[in-house]
Student: 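I have a structure I would like to understand better, so I am pasting it below and will then ask my questions one at a time.
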Amino acid sequence: MILRLLLLVFLFPCSIAVAQYGFSSTVSGNINISSIQSLTLSGGTTIPTISTTDDLASGIVMSQYLSVAVNSNVAWTLSVQSQNPFFTPMTLGGSTNMPASVLSIKPSNLYNYFPLSTSSQTLKSGSKGSQLASGNTFDIDIKFSPGFTYNGGIYTIGLMYTLSQQ
Amino acid sequence: MPNILRSVFVIGTFILWLTCSFQLLAQNASNYLEVQVNSGLNFFVTEATDLTTTHTLPNALTLKVRTKNSNCSVFAKLNNYSAPSGFYPSSSPLFLQWISDTSPNAANVVTSATSLETYDKLLFSQPKANRVYKFNYNFLLQGLSYDFPPGNYNFTLKFTMTQP
């Protein structure tokens, strides 16, 4: 019995000798990411020309007038509004009372246009992701329907697109 | 006679216990891994370009290794990780990049940028030596995207030295 105990005692350090020693140390850190959004607009430089009475009567449509690319790490909303309530005539004799609402806008994949005003209106919403994510790159159609009320001439109006967090 | 054997047993046990104790103390005194943080391990992502470029904290970490008793291997892992809304990236954006070391004979040194994962990844092996060697590393943040929601991401890195 005693010999067995002695054997056990001599085996004990052997078991320690084959154990694996480990030494560890930990350090901590932090990544702080802000809300980041970017908007790229391409196109929109073509000036629609109205030259026939049919154009005045039914308006003209410019499909895919503008291409929009959104990069956002938060769910986003793109809004649009006119900077002025009326178009500004660039030529003599032009009307000063042509409202922004003669210009309508919509995403190309939707059916209904909505007239512009100085109030911000939602054009499209989407999920976080790069412009390669589904729905984050799209085109915009515009429709210009002045009717017969306003004088001929060249007109201008500024549009403001706002990308914001939902 | 049994009393003599009992005495031998007790004394033998004490001597062996003492030997083992000294051995353990020696492991602590002459074999260690020290992680020195040379700059805060903090990244601030505030601009669109920050999401598409690599951030580098140069010479952010120095690992000091002394392995007197036997050869050792040093590993690193992402020990803890927390993100906003439970977001978990598909791949780790944190990397260690070896810069230099003072060891004349380190082996298996991973010199390219290596990602920190939730399991141990070998950084280098060091043959036993009775002196301290330093291994210097850049700390990188790369591979972010617009999928990373805003907020604070806290993490803990664990470095482990093992001896066979």
Side-chain angles (χ1 to χ4, degrees), chain A residues 1-41 68-78 125-138 163-166, chain B residues 2 5-6 8-9 12-13 16-17 19-20 23-24 27-28 31-35 37 40-48 50-52 57 60-61 63 65 69-70 72 79-80 83-84 93-94 139 141 144-164:
Chain A
M1 179 63 184
I2 293 174
L3 285 175
R4 285 180 184 172
L5 285 173
L6 282 172
L7 185 63
L8 188 65
V9 166
F10 280 103
L11 284 176
F12 176 64
C14 296
S15 66
I16 288 181
V18 298
Q20 187 183 58
Y21 291 99
F23 308 86
S24 295
S25 183
T26 59
V27 293
S28 297
N30 173 269
I31 307 168
N32 185 282
I33 300 180
S34 302
S35 295
I36 297 174
Q37 297 182 294
S38 70
L39 176 66
T40 304
L41 304 175
V68 179
V70 173
N71 292 295
S72 176
N73 66 347
V74 291
W76 55 269
T77 296
L78 180 64
S125 297
S127 304
K128 70 172 182 175
S130 75
Q131 63 186 57
L132 300 177
S134 176
N136 283 12
T137 296
F138 56 96
L163 182 64
S164 59
Q165 182 175 344
Q166 282 186 23
Chain B
L5 282 175
R6 190 176 294 112
V8 168
F9 169 72
T13 303
L16 289 171
W17 175 82
T19 303
C20 293
Q23 186 181 5
L24 289 172
Q27 291 286 347
N28 290 332
N31 302 268
Y32 62 84
L33 169 67
E34 178 186 344
V35 181
V37 179
L41 303 180
N42 302 311
F43 296 99
F44 297 93
V45 179
T46 57
E47 299 179 4
D50 292 338
L51 286 173
T52 53
L57 297 177
L61 291 163
L63 307 186
V65 174
N69 288 15
S70 64
C72 76
N79 200 40
N80 285 310
L94 297 170
F139 191 42
L141 176 67
L144 294 180
S145 71
Y146 283 95
D147 292 329
F148 283 73
N152 277 311
Y153 298 71
N154 299 307
F155 58 83
T156 301
L157 310 181
K158 185 176 185 179
F159 296 87
T160 303
M161 180 177 87
T162 61
Q163 292 176 322

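Chain letters run A, B, ... following the sequence lines, proteins first, then strands; residues in each count from 1.
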Student: Report which part of B/Glu34 has an atom under 4.5 Å of a heavy atom belonging to chain A: side chain, backbone, both, or neither.
Tutor: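 Contact with chain A is absent: no heavy atom of B/Glu34 under 4.5 Å.
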Student: To check you understand the geometry: which heavy-atom pair defines the closest contact between A/Gly129 and B/Asp147, and what is its length?
Tutor: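 For A/Gly129 and B/Asp147, the tightest heavy-atom pair comes out as CA-OD1, 4.0 Å.
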Student: Does A/Asn73 use its side chain to pair, donor to acceptor, with the backbone of B/Phe148 at less than 3.5 Å?
Tutor: yes
Student: Within this structure, what is the OG1-CZ distance for the pair B/Thr160 and A/Phe23, rounded to the nearest 0.5 Å?
Tutor: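 It comes to 11.0 Å.
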Student: Rounded to the nearest 0.5 Å, how far apart are OG of A/Ser130 and CG of B/Leu51?
Tutor: 10.5 Å
Student: Establish, from distance only, whether the side-chain atoms of B/Thr156 and A/Thr26 form a donor-acceptor pair under 3.5 Å.
Tutor: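 No.
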Student: Drop me the distance from B/Tyr146's OH to A/Ser38's OG, to the nearest 0.5 angstrom.
Tutor: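 The OG atom of A/Ser38 is 4.0 Å from OH of B/Tyr146, to the nearest 0.5 Å.
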Student: Go through the atoms of B/Val35 and report whether side chain, backbone, both or neither lie under 4.5 Å from a heavy atom of chain A.
Tutor: both
Student: Could you tell me if the side chain of B/Leu33 sits less than 4.5 Å from the side chain of A/Ser24, heavy atoms only?
Tutor: no
Student: First locate atom CG of B/Leu63, then atom OG of A/Ser25, and finally report the distance between them rounded to the nearest 0.5 Å.
Tutor: 9.0 Å
Student: At a heavy-atom separation under 4.5 Å, does B/Leu157 approach chain A through its side chain, its backbone, both, or neither?
Tutor: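 It is both, since atoms from each part get that close.
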Student: What pairs with B/Phe159 under ring pair (Phe, Tyr, Trp, His ring centres under 6.0 Å), at least two apart in sequence or on another chain?
Tutor: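 Per chain and number, B/Phe159 pairs via ring pair (Phe, Tyr, Trp, His ring centres under 6.0 Å) with no residue.
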Student: Which pairs would a plain distance check flag for residues 30-37 of chain A, meaning a side-chain donor or acceptor within less than 3.5 Å of a matching protein atom at least two apart in sequence or in another chain?
Tutor:
unit_1: A/Asn30; atom_1: ND2; unit_2: B/Asn152; atom_2: OD1; d: 3.4
unit_1: A/Asn30; atom_1: ND2; unit_2: B/Asn154; atom_2: OD1; d: 2.7
unit_1: A/Asn32; atom_1: ND2; unit_2: B/Asn152; atom_2: OD1; d: 2.8
unit_1: A/Ser34; atom_1: OG; unit_2: B/Val45; atom_2: O; d: 3.3
unit_1: A/Gln37; atom_1: NE2; unit_2: A/Ser72; atom_2: OG; d: 3.2
unit_1: A/Gln37; atom_1: NE2; unit_2: A/Ser164; atom_2: O; d: 3.2

